[in-house]
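To keep things clear, I will list the structure first and then write my remarks on it.
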Amino acid sequence: MHPMIQALRGKLIVSCQAYPGEPLRHPETMAQMALAAERGGAAAIRCQGLADISAIKGQVKVPVIGLWKEGDEGVYITPTLRHARSCSWAGSDIVAIDATRRPRPDGLTFAQVVEALHADSVLVMADCGSIEDIRMAAQAGADILSTTLAGYTGERPKTAGPDLELLRQAVAEFPDHPVICEGRVHTPAQAAEVMAAGAWAVVVGTAITHPTSITGWFRTAVEGQ
Ligand SMILES: CC(=O)N[C@H](C=O)[C@@H](O)[C@H](O)[C@H](O)COP(=O)(O)O
């Protein structure tokens with residue numbers, strides 16, 4: 001296993017993303033957010049878009065997991081080999097790509113994308129939505145398997161918290177692969193629970209770096225529905 005992935009074992013990864021039209025959507029702002037997360041103990045930063053990747057890479061010392069979202073339905077997380085290579089060139093230490101079994105816009109299979117990236121020594125995080133995706137990604141040689149898309153592709157229910165069932169199944173089937181739990185980890189207790197369930201590492205985004213959502217959670221608690 002690559003030493004960079006080995007070093008992520010038992011660690012917290014923080015996802016720093018702002019969505020189109022949002023107040024914090026600026027590469028410098030995301031770099032500041034990433035630095036703040038690093039200062040709090042994040043072992044890696046996950047981030048979106050070439051400008052954010054390059055701005056964050058220039059600021060933090062921890063590894064950068066980069067992706068490039070185009071659109072918000074179908075295959076939108078680093079959908080093509082071109083997107084993936086661009087993420088790598090922008091400064092990603094690991095590139096996160098859609099690892100579903102859906103057709104990809106460039107007509108390549110996930111396995112072909114992994115093969116091409118590995119030829120350039122690029123590490124791949126597979127963003128999966130189901131156990132079938134996880135199996136496919138493992139077979140294709142992805143360096144990291146992740147539950148990122150569970151609840152977003154129609155194959156798994158959108159659980160309120162992390163998809164522990166999928167995580168447990170993935171860890172049981174692939175004990176020798178690093179399986180990262182990502183998606184709807186909203187509390188430290190949930191983060192501890194996914195680690196206890198055997199996650200290699202946990203990615204937390206919204207609950208740390210998306211103040212609009214966090215404010216909404218509190219507003220609901222204060223005002224009721
Ligand atoms: C489904 C999808 O597009 N997920 C994205 C993947 O990069 C991000 O929008 C999430 O914020 C990230 O996965 C972290 O998850 P959470 O914000 O729930 O902690």
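Whatever order the structure lists them in is the order used to number ligands and atoms, beginning at 1.
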| message | Would Ala207 count as a contact residue for ligand 1, given that I'm defining contact as a non-hydrogen atom of the residue lying under 4.0 Å from a ligand atom? | response |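 False for this residue.
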
| task | Could you tell me whether ligand 1 has any atom less than 4.0 Å away from a heavy atom of Lys69? | result |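 For ligand 1, residue contact (heavy atoms, under 4.0 Å) with Lys69 is present.
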
Does one side chain, of [X] or [Y], offer a donor that lies under 3.5 Å from an acceptor on the other?
X: Thr159; Y: Arg184; value: yes
X: His210; Y: Gln17; value: no
X: Ser86; Y: His83; value: no
X: His177; Y: Asp143; value: no

Distance from [atom] to nearest protein heavy atom, with residue and atom:
atom: atom 17 (O) of ligand 1; answer: Thr206 OG1, 2.4 Å
atom: atom 19 (O) of ligand 1; answer: Gly205 N, 2.9 Å
atom: atom 9 (O) of ligand 1; answer: Tyr19 OH, 2.6 Å
atom: atom 14 (C) of ligand 1; answer: Glu182 OE2, 3.6 Å
atom: atom 3 (O) of ligand 1; answer: Tyr76 OH, 2.7 Å
atom: atom 15 (O) of ligand 1; answer: Gly183 CA, 3.8 Å
atom: atom 18 (O) of ligand 1; answer: Arg184 N, 2.8 Å

| query | Given that the side chain starts at C-beta and the backbone is N, CA, C, O, which of these parts of His210 lies under 4.0 Å from ligand 1, counting heavy atoms, or is it both or neither? | reply |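 The answer is neither; His210 stays 4.0 Å or more away.
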
| Arg46 and ligand 1 - part of the residue with a heavy-atom distance under 4.0 Å |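 Just the side chain.
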
| field | Those residues that, when tested against Arg9, pass salt bridge (charged side-chain N to carboxylate O under 4.0 Å, His left out) (two or more places apart) | value |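 For Arg9, no residue satisfies salt bridge (charged side-chain N to carboxylate O under 4.0 Å, His left out) once neighbours in sequence are set aside.
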
| query | Roughly how far, to the nearest 0.5 Å, is the CD atom of Glu173 from the CZ atom of Arg135? | reply |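 Spacing of CZ (Arg135) from CD (Glu173) equals 4.0 Å.
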
| message | Walk me through whether Arg156 and Glu132 qualify under salt bridge (charged side-chain N to carboxylate O under 4.0 Å, His left out). | response | CA-CA 11 Å; Arg156 297 286 305 165; Glu132 291 81 7; over 6 Å; no

| task | Locate the shortest heavy-atom distance separating Ala207 from His186; write the atom from each residue and the value. | result |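 That would be CB-O, 3.5 Å.
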
